[in-house]
Amino acid sequence: MHKIFSLFLFLFFLLQSCTSVKPYQRQFLNDPEMQIGLNGNAFENYVHEIREGALQPGTKKSSEGCGCN
Amino acid sequence: MKAADAIKTFALKKRLPKSLQLFSVSLFLVFGKVKSQPQDSIENDPVITNLEWRGGVYIQEGRHSAVTGGIGTEKLQVYSNGFGLNHKYKNRNSINLNGGIDIISSESTDNIDFNVSSASAKDAHVYVNFDFTKAFDKSETYFSFGSGGSIESDYLSIPIRIALNHTSPDRSKSFYIGIERYFDDLRWGRLDEDYKRPALLVYPKELRDTEWLDENWRYTTNLNYGFSAVVNKRLVAGLSGIISYQNGLLSTPFHRVYFKDGSKRVEFLPSSRLKIPITFQANYFAGSNQILKTELGFSYDDFGIFSQSVYFEWVQNANPTNAVKAFFRIQNQSASRYFQPFGEHELDSEFYTSDYDLSAFQTYKLGLGWRSFVQKGKSKKWTLDELEWRYAVYYRTDGLTAHILTLKTGIGWKRNPKSKNKK
């Protein structure tokens with residue numbers, strides 16, 4: 001658990017050293033598929049949340065149901 | 001700036017503990033660039049309204065239903081219909097309304113009271129949420145708050161949430177933090193003609209002579225955070241996580257648990273739970289209009305569940321408006337210390353469940369998708385924004401399988417604000 005925490009802490013500080021990209025250089029970054037966010041969609045990620053014990057970061061539960069079945 | 005300076009000065013004058021001083025300095029760093037937008041530039045921003053429709057079908061098969069103690073059918077179909085309405089105005093303020101209804105058909109639900117119907121027991125899950133977002137200045141700092149509610153025959157959930165989102169002026173870094181709190185009532189009866197109020201917990205029929213659980217409410221508090229950054233012209237990466245704490249009734253009242261001596265009880269879990277998932281994502285725009293998306297996730301749960309997951313998606317832009325995608329995901333988790341299969345629990349166990357969602361397994365998800373950015377309309381004001389569908393097959397190594405099909409489309413309406421100075 002400590003090793004994983006250290007890994008993510010390292011990745012976080014690594015992201016601090018990113019370069020600045022000028023607006024005319026952003027043709028690839030502006031593609032909608034390049035946006036960081038939920039991979040999949042809310043419905044699929046809700047399935048993960050119910051059928052697996054683990055919680056998904058960034059999941060915006062489109063509905064707050066028990067999903068117990 | 002004045003508000004941020006006041007926060008900093010107050011913290012130092014009052015000699016607050018160092019942790020609170022650090023928190024107040026953090027607030028200063030976040031709000032340091034916040035300032036009011038000059039009124040005249042707000043008036044000219046276009047007003048944009050988007051309406052989105054989402055549909056989904058989920059078909060599941062399995063043989064470890066928790067309703068019958070870890071054995072029995074898990075056959076389930078969910079037909080989901082949802083909508084989202086987003087209205088942007090005045091310097092990117094927005095109001096968001098989303099809701100929908102899920103029709104659930106479950107064979108295992110029949111087995112709560114062994115009342116088998118000709119078709120499997122049906123339930124409906126209705127939900128609605130609203131959020132209001134205010135933008136502060138052109139460096140794109142947003143504050144949002146919202147609430148809503150969802151209801152099933154045996155479940156009522158009411159959330160409240162606030163969040164802060166900030167993007168740097170050069171759009172190379174983005175940060176968000178939010179808190180949400182759910183108030184869930186697990187009592188049944190509010191939709192029943194005989195009760196019309198939350199009346200009781202639904203136990204299995206043969207176990208209803210005992211009040212097994214003395215709590216009706218479940219409370220969940222989530223601290224969400226995320227950070228993303230542009231690494232270079234082709235690569236973006238992000239880190240996100242949740243610290244989730246639940247307390248109250250965490251057991252499911254209609255789940256059976258069988259013990260080694262043949263006796264059975266209602267599922268019983270601790271009254272608190274802490275979950276800490278964290279995810280690292282990276283999206284790379286490779287040559288030939290391909291985008292490679294990866295996601296690495298870890299989750300810790302004080303029920304004893306430790307999970308790891310890897311997600312990979314390949315997107316091929318067929319042309320400027322159409323993209324085809326293929327994806328797969330692998331997940332592995334260890335079992336909760338409170339889980340045992342059917343008939344394996346010791347009689348003197350303090351907590352017990354046979355819910356296979358809390359067992360040890362691996363999951364595999366494989367799928368295809370297609371997305372089209374249509375952006376067409378008969379007039380410049382109306383656009384058909386996008387069409388998207390995804391199909392995935394989901395397999396869990398305890399034998400549960402599922403098919404997931406989702407569809408999404410939306411329309412947009414853009415117009416200029418009315419001028420106040422008409423001559």
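A note on names: the letters A, B, ... follow the listed sequences, proteins ahead of strands, and every chain is numbered from 1.
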Closest approach of [X] to [Y] (non-hydrogen atoms, all atoms of both residues):
X: I36(A); Y: N283(B); value: CD1-ND2, 3.8 Å
X: R234(B); Y: F28(A); value: NH2-CZ, 3.4 Å
X: F43(A); Y: S80(B); value: CE1-CB, 3.6 Å

Heavy-atom cut-off 4.5 Å, strictly under: side chain, backbone, both or neither for [X] against chain A?
X: K408(B); value: neither
X: Y58(B); value: both
X: V236(B); value: both
X: N317(B); value: side chain
X: Y394(B); value: side chain
X: R371(B); value: side chain

Got [X] and [Y] here, is their nearest side-chain heavy-atom distance under 4.5 Å?
X: L29(A); Y: R171(B); result: no
X: R51(A); Y: T363(B); result: no
X: Y311(B); Y: H48(A); result: no

Q: Please report the C-alpha distance between V230(B) and R26(A) in whole Å, then the side-chain angles of each, then the deciding distance to 0.1 Å, and finally whether the side chain to side chain contact (heavy atoms under 4.5 Å, CB included) criterion is met.
A: CA-CA 10 Å; V230(B) 173; R26(A) 299 181 70 93; 4.3 Å; yes
Q: Could you have a look at Q333(B), R329(B), Q331(B) and say which one has the most heavy-atom pairs with chain A under 4.5 angstrom?
A: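 Result: the option with the highest number of such pairs is R329(B).
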(Q) So which residue, D301(B), L400(B), T406(B), ends up with the most heavy-atom pairs under 4.5 Å with chain A? (A)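 Of the options given, most contacts go to T406(B).
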[atom2] on [Y] to [atom1] on [X], rounded to 0.5 Å:
X: Y46(A); Y: I404(B); atom1: OH; atom2: CD1; result: 13.0 Å
X: Q35(A); Y: K293(B); atom1: CD; atom2: NZ; result: 9.0 Å
X: E52(A); Y: S309(B); atom1: CD; atom2: OG; result: 7.5 Å

Q | ring pair (Phe, Tyr, Trp, His ring centres under 6.0 Å) partners for F303(B), two or more places apart | A |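 With sequence neighbours excluded, F303(B) shows a ring pair (Phe, Tyr, Trp, His ring centres under 6.0 Å) to Y338(B), given in chain and number order.
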